[in-house]
Participant: 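Here you go, one structure.
Order of listing sets the numbers, starting from 1, for every ligand and every atom in it. Remember, predicted model here, so these are calculated numbers, not experimental data.
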Amino acid sequence: MAAYTTENIDPKHHDALMAWQRKNFPELDFLQRNWTKFYASQTPFQLFAKIGKLNSESIQFGRMAGQPRYEHAGDMVGNMFYSARDIIRAQASTELGSIQQHRLTLEEAPSDQMKMAVLRIMAEELRHGYQMFWVLDHDKTWKKPGHPDVAQDTMDELLAMELGDHVLDAFNIPFVNFLDNVVFATAIDLVGKYQLEMQKVFSYAPMARSMGPMLSEEGFHIGSGRGFLRDLAVSAATDDGARYSIEDIQRTINMWIPRGVEMFGNERGGETALAFGFKDRNNGTAQSEYYNEVREVLELVNVAVVQAKVKDVTAPDARSIVREVQDTGESIRGVEPEDLLFAPDTKFFRARGMEDIVFMPYDVNGKLLTEDGRPVSGEKYLEYLAGVLPDYYMKDREFAKYREALLGREAPQPGRSYGW
Ligand SMILES: [Fe+2]
Ligand SMILES: [Fe+2]
């Protein structure tokens with residue numbers, strides 16, 4: 001028995017999303033024509049909503065724990081109604097935004113396998129966008145009597161979003177080379193996995209039922225990212241003619257991880273989502289679990305690098321070498337610190353979150369850069385960042401926003417809560 005049933009959305013919204021696809025993702029046809037060549041054992045892609053099962057009928061967390069879950073958005077009152085809408089909107093924005101990003105560098109894929117994987121990721125993100133549309137579309141109570149049509153307005157807004165308009169910063173950064181596709185699938189899709197995992201408990205039932213099928217698709221995105229990252233790192237460390245160096249990869253990691261860390265929202269917050277029974281963990285807990293997993297992923301990449309460089313070394317021995325090289329900063333059996341990747345500290349290059357770390361000049365190791373006992377100036381920090389971030393990224397308009405805020409020319413917008 002399938003783990004889910006399927007549904008289509010109202011033809012009006014279905015067609016609107018198809019028109020969006022033709023404009024933003026015309027390569028979908030190519031993927032569908034070539035699907036069986038690459039994914040013979042898997043059911044061909046189809047655009048519909050997948051409705052999974054709830055793992056419990058009742059609300060599990062927060063103020064309403066023990067009560068039945070909400071089937072109708074209209075039964076949620078006040079802030080709860082709009083908070084649920086904000087999460088659905090943020091979720092859908094990530095799905096559509098990532099398609100726009102992946103497409104920019106699709107043709108740079110080093111192999112057909114990598115190109116097909118990115119196309120499949122894009123198709124599945126389109127289905128996730130469709131899924132969020134289903135949540136808004138099938139439940140007519142999003143339109144409350146005497147209020148604006150929240151579902152319609154949200155879908156219209158989502159379909160009009162271009163890079164730069166998306167809810168979360170990570171989805172406004174244009175990809176410039178294929179490392180972006182790979183590191184993004186490794187680090188940013190992993191945030192997605194945490195969000196979906198947490199939202200299985202969602203007190204609004206249609207959202208909770210959407211999570212299981214989406215999670216199984218995310219497995220492919222994250223797995224592809226990790227596999228390709230390992231391959232690119234191994235070739236960087238062992239092949240003089242490799243397209244990307246370890247330094248290129250490290251700079252790309254330094255640019256994406258802080259945006260991933262911020263997607264959890266302020267690390268001291270998240271209590272409202274817990275109180276409404278939308279999630280099962282607060283922001284800080286989820287963020288630190290995420291960060292530990294990122295470190296583990298990069299350590300496994302390093303293990304593969306060491307095994308490629310040192311003859312006949314077992315995985316556990318390779319791991320010891322990785323740790324020793326990174327702890328001591330010395331070269332061991334031909335492995336240099338510069339051959340290995342690491343996760344920048346969570347305080348590095350932050351624009352959102354706790355006030356005591358945002359826009360503060362922390363280095364990649366989490367050390368505050370100081371001069372005469374005081375944090376270095378914004379200008380000095382920009383010089384430091386130029387040494388650890390991709391130069392193309394520092395020319396981008398998303399980075400310009402950070403620079404302006406750092407230099408105090410434009411204060412970061414307070415108020416509106418940030419995060420997913
Ligand atoms: Fe997704
Ligand atoms: Fe994904």
Participant: Using 0.5 Å steps for rounding, measure from the CE atom of M18 to the CG atom of L126.
Facilitator: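 Separation between the atoms: 7.5 Å.
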Participant: Does the pair K23/E162 count as a salt bridge with the N-to-O cut at 4.0 Å?
Facilitator: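 The answer is yes: the pair qualifies as a salt bridge.
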Participant: Given a threshold of 2.8 Å, state how many protein N/O/S atoms are nearer than that to the Fe ion (ligand 2).
Facilitator: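 Under the 2.8 Å cut-off, the count stands at 5.
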Participant: Could you tell me whether R319 and E296 make a salt bridge, using a distance below 4.0 angstrom between a side-chain N and a carboxylate O?
Facilitator: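 Answer for the salt bridge query: yes.
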Participant: Any salt bridge between E124 and R127, counting N to O under 4.0 Å?
Facilitator: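 No.
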Participant: Do the charged groups of E217 and K50 touch, with an N to O distance under 4.0 Å?
Facilitator: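 Looking at E217 and K50, the cut-off is met.
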Participant: Tell me, please, whether Y204 has R69 positioned over its six-membered ring: NZ or CZ under 6.0 Å from the ring centre and within 45 degrees of its axis?
Facilitator: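 No, a cation-pi geometry is absent between R69 and Y204.
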